[in-house]
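Side-chain atoms are counted along with the backbone in the values below, which use heavy atoms only and exclude waters and symmetry mates. Remember, predicted model here, so these are calculated numbers, not experimental data. Nothing fancy with the numbering, it's 1 onward along the sequence. As the structure lists them, so they are numbered: ligands from 1, and atoms in each ligand from 1.
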Amino acid sequence: MPTAADETFTRIDYLARVMKAPRIRESARRLADQAAAHSWTGPQYLQAVLEAEVAAREASGAKQRLRAAGFPAVKTLEEFNFDHQPAADRAQLHRLAAGGYLSEAGNVVLLGPPGTGKTHLATALAVAACHQQIRVGFDTAAGWVTRLQQAHRTGRLDAELRKLARLQLLVIDEVGYLPFDADAANLFFQLVASRYENSSIILTGNLPFSRWGEVFGDQAVASAMIDRIVHHAEVITLKGASYRLRNTTMTTLPSARLEQQAD
Ligand code: ADP
Ligand code: MG
């Protein structure tokens with residue numbers, strides 16, 4: 001004979017299914033035991049079940065957003081060694097990770113030589129955003145331009161820009177590593193302009209703004225772009241030797257050996 005409690009749980013299972021919250025099936029039973037053990041009131045039990053459901057939804061949403069973002073590797077601020085990079089201000093980066101700039105469509109620009117942690121910090125901020133219900137896309141500048149070129153070729157450029165506009169945060173990694181031809185520079189400009197004061201960009205680059213004319217083949221395009229990016233941006237310039245090479249003496253590097261041979 002099913003007890004009244006069994007019947008209640010059978011009904012809860014049905015209601016949870018209808019509500020598309022199947023996890024409640026498990027949490028309702030588990031938390032009912034806790035409620036009995038701790039003499040919770042009805043509202044306290046209801047609250048615990050709802051809290052568990054919302055926490056589970058947020059966790060699975062963040063997991064989905066992290067996957068969709070396309071990070072080459074997931075990095076966090078906790079893994080970043082600030083002692084090794086004194087040009088990065090720990091307090092500023094933790095404040096940025098809290099995400100205030102995202103609601104103001106602000107940008108973050110990380111500049112500096114190779115291996116100084118630009119991609120790490122850009123990823124860490126974007127990972128933090130994924131945990132705050134923000135939809136993120138990550139790619140290199142060349143990668144974004146390739147996508148836009150493909151869309152342009154098939155007459156879908158506007159649709160692609162609208163699709164990217166639905167991502168509240170775009171990470172554009174490695175601006176400056178590859179120079180753009182005029183078409184690529186134009187598409188990149190459209191990407192930056194489409195987000196101006198609407199949605200955020202985190203951008204990394206190895207060249208100071210003064211040399212962006214070389215990247216985009218045109219000083220006027222570069223200036224117009226920089227203007228839009230930095231209008232609402234925090235610019236962080238990293239310094240020093242590559243973290244990748246921190247345990248390597250320069251003389252053991254292949255390029256250093258080649259240079260020595262050339263002497
Ligand atoms: P960049 O993009 O500036 O070329 P990365 O962010 O890719 O450099 O850093 C290179 C590697 O070194 C990555 O694996 C990154 O996680 C690590 N790294 C760089 N700086 C630090 C740091 N200060 N603390 C911990 N790891 C770091
Ligand atoms: Mg990088």
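Considering backbone and side-chain atoms together, L121 places no N or O closer than 3.5 Å to any N or O of ligand 1. Here's the thing with T116: one of its N/O atoms is less than 3.5 angstrom from an N/O atom of ligand 1. Between H84 and ligand 1, a contact under 3.5 Å exists for no N or O pair.
Judged by the 6.0 Å distance and 45° axis criteria, R11 is not positioned over the aromatic ring of Y14.
Note on R57 versus E53: salt bridge recorded, some NZ/NE/NH1/NH2 to OD/OE distance being below 4.0 Å.
For atom 2 (O) of ligand 1, the closest non-hydrogen atom of the protein is T119 OG1, 2.7 Å. Counting only heavy atoms of the protein, atom 24 (N) of ligand 1 lies nearest to N81 N, 2.7 Å. Regarding atom 4 (O) of ligand 1, its nearest protein heavy-atom neighbour is G115 N, 2.7 Å.
Under 4.0 Å from ligand 1, the heavy atoms of K75 that appear belong solely to its side chain. In Y243, the part holding a heavy atom less than 4.0 Å from any atom of ligand 1 is the side chain.
No more than 12 heavy-atom neighbours from other residues, nucleotides or ligands sit within 6.0 angstrom of CZ on R25.
In this structure, Y101 OH and I202 CD1 are separated by 3.5 Å, a value rounded to the nearest 0.5 Å.
Closest approach of L238 to P113, counting heavy atoms only: O-CD, 3.5 Å. Among all heavy-atom pairs drawn from A32 and Y45, the shortest one is N-CE1, 3.4 Å.
R90 is not listed as a side-chain neighbour of L77, based on a closest heavy-atom distance of 4.5 Å or more.
Note: F82 and H94 have tilted aromatic rings, judged against thresholds of 30 and 60 degrees for the angle between ring planes.
Under the 4.0 angstrom criterion for non-hydrogen atoms, G112 is not in contact with ligand 1.
When the heavy-atom distances from atom 7 (O) of ligand 1 to R244, H120, K118 are ranked, the shortest goes to R244.
Near P114, the atoms of ligand 1 lying under 4.0 angstrom from a non-hydrogen atom of the residue are 4 (O).
The Mg ion (ligand 2) does not have T204 among its coordinating residues (no N/O/S atom, backbone or side chain, under 2.8 Å).
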